[in-house]
Every structure is written in structure tokens, then in C-alpha cells.
Amino acid sequence: MTGPAPEGCGSPQPDRLRIRADFVRAAKGARVTARAFALQARKRESDALEGARVGFTVTKKTGNSVVRNRIRRRLREAVRLGKTLPLRPDHDYVLIARREALSMEFRALSRELERAIQKLNDPKRAAAGSRPARPT
RNA sequence: CCAGUCGGCUGGACGGCCGCUCCCUUGCGGGAGAGGAAAGUCCGGGCUCCAUGGAGACACGGCGCCGGAUAACGUCCGGCGGGGGCGACCCCAGGGAAAGCGCCACAGAAAGCAAACCGCCCGUCCUUGGACGGGUAAGGGUGAAAGGGUGCGGUAAGAGCGCACCGCGGACGCGGUAACGCGGACGGCACGGCAAGCCCCGCCGGGAGCAAAACCGAAUAGGGAUGACACGAAGCCGCCAGGAAACUGGUUUGGCUUCAGGCCCGUCUCCGGGUCGUCGUCCGGGUUGGUUGCUUGAGGCGUUCGGUGACGAACGUCCCAGAGGAAUGGCCGUCACGCGCAGGCUUUCGGGCCUGCGCCAUACAGAACCCGGCUUACAGGCCGACUGGCGAU
């Protein structure tokens, strides 16, 4: 049971997703692709937590460990700095990196992330059975 | 100055805003935070668990000139031998071929035990061609390799048959801890090569790894105790079912093996240990997850001493990442360096300098229990020692 949503919509920093089972579950949710990444999102059932959670996946295909680390850090920073991102507090998000996330300009990366989340929030796309409307 | 050999170091700096992990603190706040290879996971150890009861033999694997260093090594240091380079220096699968087996392709008459294809010489026959018998191994030819080489003597032709020098073997002597080096009586020459084919000799070695291992602990299966029942049982394969997996259950649906014992602990011997039916009840179990292991160590730095050196000793001083879908960063500014383009100046034609603009995780690359090595990757920069040229004094 979630408490009252924090006032002012200044969303708190999302938690990291760390457990394999969470990643597997999120993979069954809705999916949107961009040039630098693919984004998956799924509403959590039986929710004892509050606040959105975000995980990152960088596969070995994208490069060696130096490249993978850098990509993950850039994506993480884009999430952290994007305070106005319309993340839903009862959802889990997973960002799957692509190679372009390494060389793309950071501002463009942030824009892509915002657009991808908006797309997921669009009620027409919300096929996963989550009620889209959120007050404020 | 040019060319080269060897060794070592470095591999962005400063600042601003916003963050991450760990530690200290009641709190404000403060401190620390990737590499020389963190890489490949190729060797050697520490540590953990299992096995280890013992002993020996066998098997298997690794190493292989000598001496030293080291916790240890396949690493390092100093020598020796062989090969390459004008030289500094570099390279080496470098024990044993009279313990034994095996192999030596092609070519060649012949490839390891002595033989003879073309030849050469002598004798006999005969139509000067040639045939047969014998001697011989200098010459030709083949080959990676053909029973020493060159010269003289010698001879029917020849041959270590004889001699000289060289090569080879070599009792013994001297030097060296040793590998080995120097000398060498004597031997008329025999003992070809391959051990990276098997092998022999010497030395070393139990297995698996932090996803080790310990603790806390949802569900499923297993486990222990006890009671009842049963006496052919056990193991392997296959099939079916459950589980995310590890694994578990069923099998009169089938096949195979073993025997009153079977199977496992590398094999064998003596010997030891573990394990092996169904159902009920009770105890209890430990996978996902969490905590520990987790960073003070063959530790770093400095000085002195010993040693040719690898390295060792003493003293002083410091605490230096601990993540776990994995922190150590993101963005921006200035500068240095580099690269590209354009323009200008200069040149001993290799290049050098200046200005402007652009690019720039600056190269290779990211700790994952910890050490010692090896190997591989690496833009650019710096330092030292030495060698060979050319020039100047």
C-alpha cells in the first residue's frame, strides 16, 4: 500500500533495479526503442514499495568493459539529471543500451529518454493493463 | 649529427557545477576511491572445502646444461656450450642414441650392414664390338646424410696399406664448487642422424576452486530417529513426471551389468571407510535472497650494510579501493601535448618554425579473494648506459 504521492511532482530519485528476477519481469512489459537504447516498462503488482525503479542492461555485444562501463554511466546520469522525467512511481523501467549511447551528444540522449518515457505513458500504447491516468 | 643495441620511467594538468561507493562523526561535516598491464587465465604459492586411515608399486602429468636467488616456479641472476651480427648485443625443446624397439620420404646400385650401378685393373674366350670370372672403391652419378679430409709414397688398379698435417675417439694430468675449458700417451678410424616416434634417467606433483567456504533463512525434493511391513537386491542407460536450477520421484513400458553381496574412494595388493527396500509419525533440512569471507600483506616508501647480481638483513615510517546487474562518474571552461586542413617563412630536401580553424573516453585498456611471475596490447613523451659511422677540436 503506497502512501500519498509526494506533493509537487518533484519525483524522488528512482531506485536501481538490481535483482535478476525484476529484469526478467520487466522484459514482459511494454517496449519502446530509440537510437541510443531500448526502454522497457512494467507496472509492479503487489506493490509494497513506492517510487519508480530503473535498471540498466549493457550486453557484451556493445563492446569491451571500458565501453560498457561508460555507456552505463552516461545512461545513469541521464536518468539522474532528468528530474522532470514523467516516470510513474509504480513502474519498473529497464534501459537496454545500444552502441550509439557512447558517442551521442549528452543533450540529445536526454531528449531521447524523455520522449521514450512519454511514449510509454501514452494511453494508446499502454497495453500492459496499467491504468494510465495519474493525478496532477 | 646519423644509424643502432640494451635498460628504466611516464602515459594528461588545473578549476567550476551536479552525483556514486566505503569509512569516521550525535550532527554540521570530513577522509579515501582503478592499471602498468587491472587483460589473457599460461605457470607458481597463500587461503577454503573434499579426499587423505596407512605403506609400497604401477599408471598419469609436468620440468630437464651448471651454480645460485626465492615461500615456490616453467620466473629471475651469474656462468658454460652452440648459432648469428663489424660491434653494442641477440637467439637456443641445450640430459641420455655402446639399455632396447622403431623410422630415415624422394632420388639412388646401396640408408646402417656392409655392399658395388657406371667405372678402373687383371685373367680367359673372341668377329678390335663384347661376354664371363676375379680384384678394387680413387673418379662419376643420387641424396639432408654414402664407412674421415688434403698431399706424398705405394700399387696391376686401388685402399689408413704406409707417412705428414688436419679432423675424430681418448686413458690420464692440470684449472674450475660445477657445467666445462686446456694439454694429451695411445688408437689407423671404429661408435651416421632422429629422443619434437616410443623410450631410459633424474627431480616435482592428491582434487576442486571465493560461483571456495561458513552463518541466517520462503516453497519443492532429499536427510535422521522410531514403529509396522517386506526379502532378491543394487547400479547404469532409456522413458515419464515435478522444479527457475541444483536435483528429486516413478518404471510389471523397455534394455544392460553384478552377485549374496553390489557400487564408490585413479589402478593393484593387505587393509579401512562410505552407501544401497516400502509406508506412517516426529525431528529437521538450506536453493533464490541476506550476512560473513573482504582486505595488514612473502605489504609500500626511505636510509644504511652484505652480495658481481637476482636478492637478503637491520632501522625508521605509512595504512593505500573494497563493488556485488558490479561504486571510482557526467557535463562545462582554461592550458599543455598530439593529429588533420589552410596560409606564410625557412631548408643541408629528411624536415623545422609561426598563425588560424577543427578534432581529441587523449594510446592500450576497468579491480572482482590475495600475492610472485610469464605472455599479449599500447598514441605520444622523457631519461640513462653502450656500439658503429661521419665531422670538429
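Chain letters run A, B, ... following the sequence lines, proteins first, then strands; residues in each count from 1. Note: hydrogens, waters and symmetry copies are ignored here, and every other heavy atom, side chains too, is used.
Comparing the P positions of B:rU220 and B:rU281 gives an interatomic distance of 15 Å, to the nearest angstrom.
Residues forming a side-chain hydrogen bond (donor to acceptor under 3.5 Å, both in side chains) with A:E77 (at least two apart in sequence, or on another chain): A:R80. Legend: residues meeting side-chain hydrogen bond (donor to acceptor under 3.5 Å, both in side chains) with A:R76, ordered by chain and number and at least two apart, are absent. Not counting sequence neighbours, A:N64 has no partner by the side-chain hydrogen bond (donor to acceptor under 3.5 Å, both in side chains) test.
Of all nucleotides listed (B:rA327, B:rG19, B:rC331), B:rA327 comes nearest to the side chain of A:N69.
The partner of B:rG95, taking Watson-Crick or G-U wobble pairs whose two distances both stay under 3.5 Å, is B:rC200. Using the Watson-Crick or G-U wobble rule with both distances under 3.5 Å, B:rU52 pairs with nothing in any strand shown. B:rC22 is paired with B:rG31 under the criterion used here, namely a Watson-Crick or G-U wobble arrangement in which both key atom distances are under 3.5 Å. Base pairing annotation: B:rA310 forms no Watson-Crick or G-U wobble pair, as no partner gives both donor-acceptor distances under 3.5 Å. Under the Watson-Crick or G-U wobble criterion, with both distances below 3.5 Å, B:rA109 has no partner in any strand shown. In a base pair of the Watson-Crick type (N1 to N3 plus N6-O4 or O6-N4) or a G-U wobble (N1-O2 and O6-N3), with each distance short of 3.5 Å, B:rC182 is matched with B:rG173. In a base pair of the Watson-Crick type (N1 to N3 plus N6-O4 or O6-N4) or a G-U wobble (N1-O2 and O6-N3), with each distance short of 3.5 Å, B:rC14 is matched with B:rG333. In a base pair of the Watson-Crick type (N1 to N3 plus N6-O4 or O6-N4) or a G-U wobble (N1-O2 and O6-N3), with each distance short of 3.5 Å, B:rA157 is matched with no nucleotide.
Between the side chain of A:R73 and the base of B:rC20, no donor-acceptor pair under 3.5 Å is found.
The two residues A:L120 and A:A30 come nearest to each other via the heavy atoms CD2-CB, 3.7 Å. Between A:A38 and A:R31, the closest heavy-atom pair is CB-NH2, 3.7 Å.
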Steps toward side chain to side chain contact (heavy atoms under 4.5 Å, CB included) verdict (A:R42, A:Y93): CA-CA 7 Å; A:R42 185 174 166 86; A:Y93 296 87; over 6 Å; no
So A:L17 and A:V54, side chain to side chain contact (heavy atoms under 4.5 Å, CB included) or not? Walk me through it. CA-CA 5 Å; A:L17 230 56; A:V54 180; over 6 Å; no
When you look at A:I117 and A:L87, which way does the side chain to side chain contact (heavy atoms under 4.5 Å, CB included) test go after all the steps? CA-CA 7 Å; A:I117 294 170; A:L87 292 169; 3.6 Å; yes
Please assess A:R53 against A:D92 for the test salt bridge (charged side-chain N to carboxylate O under 4.0 Å, His left out), listing each intermediate value before the final yes or no. CA-CA 5 Å; A:R53 297 192 301 172; A:D92 285 344; 3.0 Å; yes
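Distance CZ (A:R70) to C1' (B:rA365): 14 Å, rounded to an integer number of Å. Between the CZ atom of A:R80 and the C1' atom of B:rA327 there is a distance of 14 Å, rounded to whole Å. Nucleotide B:rA327 holds its P atom 13 Å from the CG atom of A:L75, rounded to whole Å. One atom, CZ of A:R76, and another, P of B:rU21, lie 9 Å apart when rounded to the nearest Å.
Both A:L39 and A:F56 are assigned to one and the same hydrophobic cluster, defined by single-linkage of ILVMFWY side chains at heavy-atom distances under 4.5 Å.
In textbook terms, a nucleotide whose glycosidic angle is within 90° of 0 is syn, and B:rU295 is one such case. By the rule that a glycosidic angle within 90° of 0 means syn, B:rG197 does not qualify and counts as anti. For B:rC163, the base adopts the anti conformation, since its glycosidic angle falls more than 90 degrees from zero.
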Is there any protein nitrogen or oxygen under 3.5 Å from a nitrogen or oxygen in nucleotides 321-325 of chain B, and what are the pairs?
unit_1: B:rG325; atom_1: O2'; unit_2: A:L17; atom_2: O; d: 3.1
unit_1: B:rG325; atom_1: O6; unit_2: A:R20; atom_2: NH1; d: 3.3
unit_1: B:rG325; atom_1: N2; unit_2: A:T57; atom_2: OG1; d: 2.6

Can you list, pair by pair, the side-chain donor-acceptor contacts under 3.5 Å of residues 95-109 of chain A, counting residues two or more places apart and other chains?
unit_1: A:R98; atom_1: NH1; unit_2: A:A34; atom_2: O; d: 2.9
unit_1: A:R99; atom_1: NH1; unit_2: A:T62; atom_2: O; d: 2.3

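Within residues 60-67 of chain A, the residues that place at least one heavy atom under 4.0 Å from RNA chain B are, in residue-number order, A:N64, A:S65, A:V66, A:V67. Of the residues in residues 97-109 of chain A, those lying under 4.0 Å from RNA chain B by heavy-atom distance are A:L102, A:F106.
Residue pairs meeting the salt bridge (Lys or Arg N to Asp or Glu O under 4.0 Å) criterion with at least one member in residues 59-69 of chain A, sequence neighbours excluded, do not occur.
The CZ atom of A:R72 sits 9.5 Å away from the OG atom of A:S65 when rounded to the nearest 0.5 Å.
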